[in-house]
A.B. asks: 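Pasting a structure here, questions to come.
Everything numeric in this text was worked out from a predicted model, so none of it was measured.
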Amino acid sequence: MSAFMNNFPVLAVMTLFVGGFLNSLVGRRHAVLQKIVVLVAVTGALAMMLALIKPVLVDGEIITYWLGNWEPVEGWAIGIALEVDALSLFFGLIVVVAVFVSGVYSFTYMSRDDSLVNYYTLFMMLGGSVLGLVLSGDLFNIFVMVEIMTFTAVALTAFRSHYEGALEGAMKYLVVGSLGSTFLLVGIAILYSQLHTLNLAQIAALLPEQSDNPLAGVAFAFLFIGFASKAFLFPFQPLAADAHAVAPASISLMISGVLTKCGVYGIIRLCYILYQNMDLAVVQYLVTGFGAVTMFICVTMAFQQHNFKRLLAFHSISQVGYVITAVGLGTALGVSAGLYHAMNHTIFKGLLFLTAGAVQHQTGSLDLDGLGGLAKKMPRTTALFLIGAASISGLPPFNGFASKWMIYQATFQKGVETNNFFFIIVCVLALLTSVLTLASFIKVTQSVFFGQLPEKYKDVKEVPLLMRIPMWILAVLCIVTGLFPTQVQNWVLLPATNAVYSAAGYIDAAMGEGYAALHNIVSSGVTSLGVSTCWSPLSWLALLFCVTCAVTIVALLGSPDSKEDSHVSTADETAEELDPKYEPFFSGEESVYSQVGGSDLFWGFKHSWRKYFTFWTNWHSGVVNDYTLYGVVVTAFVLLACIIVL
């Protein structure tokens with residue numbers, strides 16, 4: 001690798017930040033030049049990250065860049081470093097692909113809005129901060145990037161301030177998001193008071209020596225909850241729903257596909273590299289438990305939604321729950337499965353949010369009970385949505401099937417190897433969540449794209465080509481990463497998983513060869529994942545079972561009453577034959593098609609579970625004080641557990 005390529009990480013981050021600055025200078029006068037600046041910046045960042053695949057993912061190098069050339073002095077890191085191993089690059093690639101797709105989509109999608117200079121400036125700052133976070137080798141620098149990320153995301157959530165609930169959603173995000181940032185800062189301050197360094201590599205070398213220090217456990221609790229809040233894990237999931245419902249679709253892609261991955265990245269780096277405590281059962285229960293609870297609660301809450309994007313928001317956090325569940329297993333297969341699903345989640349969830357934005361762009365509505373029949377007017381968008389829906393539901397040959405199957409296998413193997421029924425329950429919960437996900441997207445497909453087309457949408461047209469190109473990019477990735485899971489595992493997942501289990505290599509790359517051994521840090525890495533093929537007959541049998549369950553639910557609980565249908569048909573015929581003004585039961589009323597809306601299709605299921613849904617609906621009160629209290633209570637619980645056990 002050339003010496004100049006060592007500069008690519010910092011150049012990629014600065015390209016996005018400088019692009020935002022240049023946009024604010026030229027964008028007010030030249031709209032075309034504004035788009036050129038944005039396109040050059042996002043493409044440049046993408047190109048530089050792609051250029052690092054060969055040296056980092058293939059050759060296994062770790063790039064360390066010291067800002068100001070302030071390298072460690074006498075074994076102490078006093079400067080800020082960017083350290084890019086395979087794990088950092090994995091998440092960095094997710095970030096730049098999402099930023100590129102979202103930026104191109106915005107050119108047409110946001111064209112009807114005002115103040116686009118502010119939008120693109122905030123957008124570029126958001127992309128730069130997230131990329132800087134995953135590439136940073138300094139804990140306090142990560143906090144700085146988290147702050148930039150949070151405040152720009154809040155501003156972009158409220159960008160369409162005339163939307164009902166936009167300012168309210170942004171305010172909730174600001175308050176509870178600041179709470180999570182505060183927890184991060186407290187954890188960082190405690191670690192710094194004990195270790196006197198902020199460099200991740202040096203912290204990873206020194207922390208194992210603090211195993212008997214209760215303050216180390218306190219810092220872990222605060223850092224874990226801080227990163228969990230950025231991933232919108234339970235109990236922070238209401239924030240995501242409120243933000244996604246009002247944010248532009250291009251920003252929903254960023255929040256869902258990128259911001260949540262920062263929380264995932266932070267939890268992985270915290271547990272596997274800094275504390276190296278994933279072999280402890282209590283940590284496995286903690287991480288896996290948070291993921292499983294988030295996974296199930298959010299998918300069930302999606303059934304209660306009437307807003308297209310709000311429904312997608314709950315599904316998004318449910319899929320993040322899958323990722324955290326797999327990562328918390330503490331096995332190489334679990335980490336690999338979690339990383340695979342994290343990548344796939346960004347792809348298929350980004351596609352779904354962009355299709356929702358396309359529907360909103362053309363109809364002006366996200367109401368699941370008022371839409372319908374759009375497949376007749378927007379066939380290409382419908383096809384793209386179906387690809388995303390099949391992917392998130394875990395249907396072959398799409399990517400969601402491959403990564404979910406790995407998660408099922410990882411959780412089941414963990415339960416069998418440890419003879420622990422907890423992980424078997426988690427595996428069953430993951431399967432059930434997948435069934436509910438498929439059932440929920442049957443509802444969305446019926447409510448938005450199939451059925452009768454309302455009269456007011458008769459003139460709706462397909463979205464412009466420039467909006468479809470980003471969606472097709474994500475759709476192709478859904479198919480390619482699903483058709484070739486073995487190649488994805490060998491070329492992408494194995495290097496990233498190996499980096500997760502190579503704390504010693506991460507430490508030595510920053511602090512010098514032998515520094516890890518000096519502090520008794522030894523790591524062997526991962527040579528194979530031990531995963532069976534996704535295309536085995538057993539996997540197809542499991543898939544058939546899931547599909548059968550979903551179809552059965554729809555058939556039993558969502559089918560109309562044939563007698564009522566027959567009665568309506570007879571009444572309509574009578575109304576047409578006789579003069580309506582002389583008929584007391586029809587009185588000139590026009591015959592109207594009864595659309596099966598989002599709240600009708602699974603009425604029976606929701607009625608049977610009405611106590612459960614009532615509880616969680618009341619729990620999602622919409623009051624920011626309640627959400628803050630939830631976060632504080634859960635933090636206190638985790639803090640107590642870490643003090644007692646760690």
A.B. asks: For a 4.5 angstrom cut-off between non-hydrogen side-chain atoms, does Thr294 reach Val320?
C.D. replies: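 Result no, sub-4.5 Å side-chain heavy-atom pair not found.
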
A.B. asks: Judged by atom type as modelled, is there a donor-acceptor pair below 3.5 Å linking the side chain of Thr64 to the main-chain atoms of Ala509?
C.D. replies: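 The answer is yes, because a donor-acceptor pair under 3.5 Å joins these two groups.
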
A.B. asks: Taking the ring of Tyr627 and the ring of Phe236, is the distance between their centroids below 6.0 Å?
C.D. replies: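 Centroid separation for Phe236 and Tyr627: 6.0 Å or greater.
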
A.B. asks: Side chain of Gln202, backbone of Gly75: donor and acceptor closer than 3.5 Å?
C.D. replies: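 It does hold such a pair.
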
A.B. asks: Please walk me through it: do Tyr340 and Thr481 pass side chain to side chain donor-acceptor pair (under 3.5 Å)?
C.D. replies: CA-CA 9 Å; Tyr340 198 179; Thr481 54; 5.4 Å; no

A.B. asks: Under the ring pair (Phe, Tyr, Trp, His ring centres under 6.0 Å) criterion, do Tyr272 and Tyr501 qualify, and how do the steps go?
C.D. replies: CA-CA 7 Å; Tyr272 284 91; Tyr501 283 92; 5.6 Å; yes

A.B. asks: Can you tell if the side chain of Pro9 reaches within under 4.5 Å of the side chain of Leu52, non-hydrogen atoms only?
C.D. replies: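 Counting from C-beta outward, Pro9 and Leu52 do come under 4.5 Å.
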
A.B. asks: Quick check, are the ring centers of Phe140 and Phe143 under 6.0 angstrom apart?
C.D. replies: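 Yes; Phe143 has its ring centre under 6.0 Å from that of Phe140.
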
A.B. asks: Return the orientation label for the Tyr285 and Phe422 ring planes: parallel under 30°, perpendicular over 60°, tilted otherwise.
C.D. replies: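 Rings of Tyr285 and Phe422: perpendicular, over 60°.
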
A.B. asks: Is there a donor-acceptor pair closer than 3.5 Å between any side-chain N or O of Tyr192 and the backbone N or O of Leu198?
C.D. replies: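 Here the side-chain-to-backbone pair does not exist.
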
A.B. asks: Calculate, to the nearest 0.5 Å, the distance between atoms OG and CZ belonging to Ser229 and Phe227 respectively.
C.D. replies: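 With rounding to 0.5 Å, OG (Ser229) is 9.5 Å from CZ (Phe227).
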
A.B. asks: Please tell me whether His620 and Phe314 form a close aromatic pair, meaning their ring centres lie under 6.0 Å apart.
C.D. replies: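 For His620 and Phe314, the ring centres are under 6.0 Å apart.
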
A.B. asks: If I take atom CG from residue Leu185 and atom CG from residue Leu139, how far apart are they, to the nearest 0.5 angstrom?
C.D. replies: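 CG of Leu139 is found 10.0 Å from CG of Leu185.
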
A.B. asks: Which word best sums up how the rings of Phe220 and Tyr275 line up, parallel for under 30°, tilted for 30 to 60°, or perpendicular for over 60°?
C.D. replies: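 Rings of Phe220 and Tyr275: perpendicular, as their planes differ by over 60°.
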
A.B. asks: Please confirm whether the backbone N or O of Ala332 pairs with a side-chain atom of Ser336, one donor and one acceptor, at under 3.5 Å?
C.D. replies: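 Looks like no, no N/O pair under 3.5 Å.
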
A.B. asks: Could you tell me if Ser434 and Tyr408 have a donor-acceptor pair between their side chains, going purely by distance under 3.5 Å?
C.D. replies: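 Distance-only check passes for Tyr408 and Ser434.
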
A.B. asks: Can you tell me how far the OG atom of Ser502 sits from the CG atom of Asp85, to the nearest 0.5 Å?
C.D. replies: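 Spacing of OG (Ser502) from CG (Asp85) equals 8.5 Å.
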
A.B. asks: Quick check: does any side chain N or O of Asn199 sit under 3.5 Å from a backbone N or O of Ala77, one acting as donor and the other as acceptor?
C.D. replies: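 Flag not set: sc Asn199 to bb Ala77 has no pair under 3.5 Å.
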
A.B. asks: Using modelled atom types and a 3.5 Å cut-off, is there a donor and acceptor pairing between side-chain atoms of Tyr65 and backbone atoms of Val84?
C.D. replies: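 Absent.
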
A.B. asks: Taking Asp138 for its side chain and Asn141 for its backbone only, find out whether a donor-acceptor pair lies under 3.5 Å.
C.D. replies: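 Looks like yes, one N/O pair under 3.5 Å.
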
A.B. asks: Taking atom types as modelled and ignoring hydrogens, do the side chains of Thr331 and Lys414 form a donor-acceptor contact shorter than 3.5 angstrom?
C.D. replies: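 There is no such pair between these side chains.
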
A.B. asks: Mark yes or no for whether Lys404, through its side chain, and Ile392, through its backbone, hold a donor-acceptor pair below 3.5 Å.
C.D. replies: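 Confirmed, Lys404 side chain pairs with Ile392 backbone.
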
A.B. asks: Under a 3.5 Å distance rule, please check whether Thr150 uses its side chain to pair with a backbone N or O of Val146 as donor and acceptor.
C.D. replies: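 Side chain of Thr150 to backbone of Val146: a pair is present.
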
A.B. asks: Applying the ring pair (Phe, Tyr, Trp, His ring centres under 6.0 Å) test to Phe234, which of Phe290, Trp619, Phe296 qualifies?
C.D. replies: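 Exactly one option meets the ring pair (Phe, Tyr, Trp, His ring centres under 6.0 Å) with Phe234, and it is Trp619.
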
A.B. asks: Starting at CG of Leu639, measure out to CD1 of Ile225 and round the result to the nearest 0.5 Å.
C.D. replies: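 It is 9.5 Å, given to the nearest 0.5 Å.
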
A.B. asks: Keeping Lys349 on the side-chain end and Leu312 on the backbone end, is there a donor-acceptor pair under 3.5 Å?
C.D. replies: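 Such a contact is found between Lys349 side chain and Leu312 backbone.
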
A.B. asks: Using the rule given for side chain to side chain donor-acceptor pair (under 3.5 Å), can you reason through Glu147 versus Ser181, listing the C-alpha separation, both sets of side-chain angles and the distance that settles it, and then say yes or no?
C.D. replies: CA-CA 7 Å; Glu147 287 295 272; Ser181 298; 2.9 Å; yes

A.B. asks: What residue among Leu329, Val500, Ile268 forms side-chain contact (heavy atoms from CB on, under 4.5 Å) with Val335?
C.D. replies: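 Answer after filtering Leu329, Val500, Ile268: Val500.
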
A.B. asks: Using the six-membered ring wherever Trp is involved, compare the ring planes of His519 and Tyr515 and label them parallel, tilted or perpendicular (cut-offs 30° and 60°).
C.D. replies: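 Aromatic pair His519/Tyr515 classed tilted.
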
A.B. asks: Rounded to the nearest 0.5 Å, how far apart are CD1 of Ile188 and CZ of Phe222?
C.D. replies: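 Taking CD1 in Ile188 and CZ in Phe222, the distance rounds to 12.5 Å.
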
A.B. asks: Passes side chain to side chain contact (heavy atoms under 4.5 Å, CB included), Leu191 versus Leu207? Steps please.
C.D. replies: CA-CA 9 Å; Leu191 280 185; Leu207 255 182; 3.9 Å; yes

A.B. asks: Check the pair Met149, Leu126 against side chain to side chain contact (heavy atoms under 4.5 Å, CB included), reporting the backbone distance first and the verdict last.
C.D. replies: CA-CA 5 Å; Met149 176 188 76; Leu126 178 62; 3.9 Å; yes

A.B. asks: Please find the pair of heavy atoms, one from Val130 and one from Cys262, that lie closest to each other, and give the distance.
C.D. replies: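 So the minimum-distance heavy-atom pair works out to CG1-SG, 3.2 Å.
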
A.B. asks: Does either side chain, that of His244 or that of Ser316, offer a donor lying less than 3.5 Å from an acceptor on the other one?
C.D. replies: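 Ser316 and His244 do not have a side-chain donor-acceptor pair below 3.5 Å.
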
A.B. asks: Any cation-pi pair here, Arg269 with Tyr506, using under 6.0 Å and within 45°?
C.D. replies: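 Output yes; distance and angle both within limits.
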
A.B. asks: For the CG atom of Leu483 and the CZ atom of Phe401, what is their distance to the nearest 0.5 Å?
C.D. replies: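 Spacing of CG (Leu483) from CZ (Phe401) equals 11.5 Å.
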
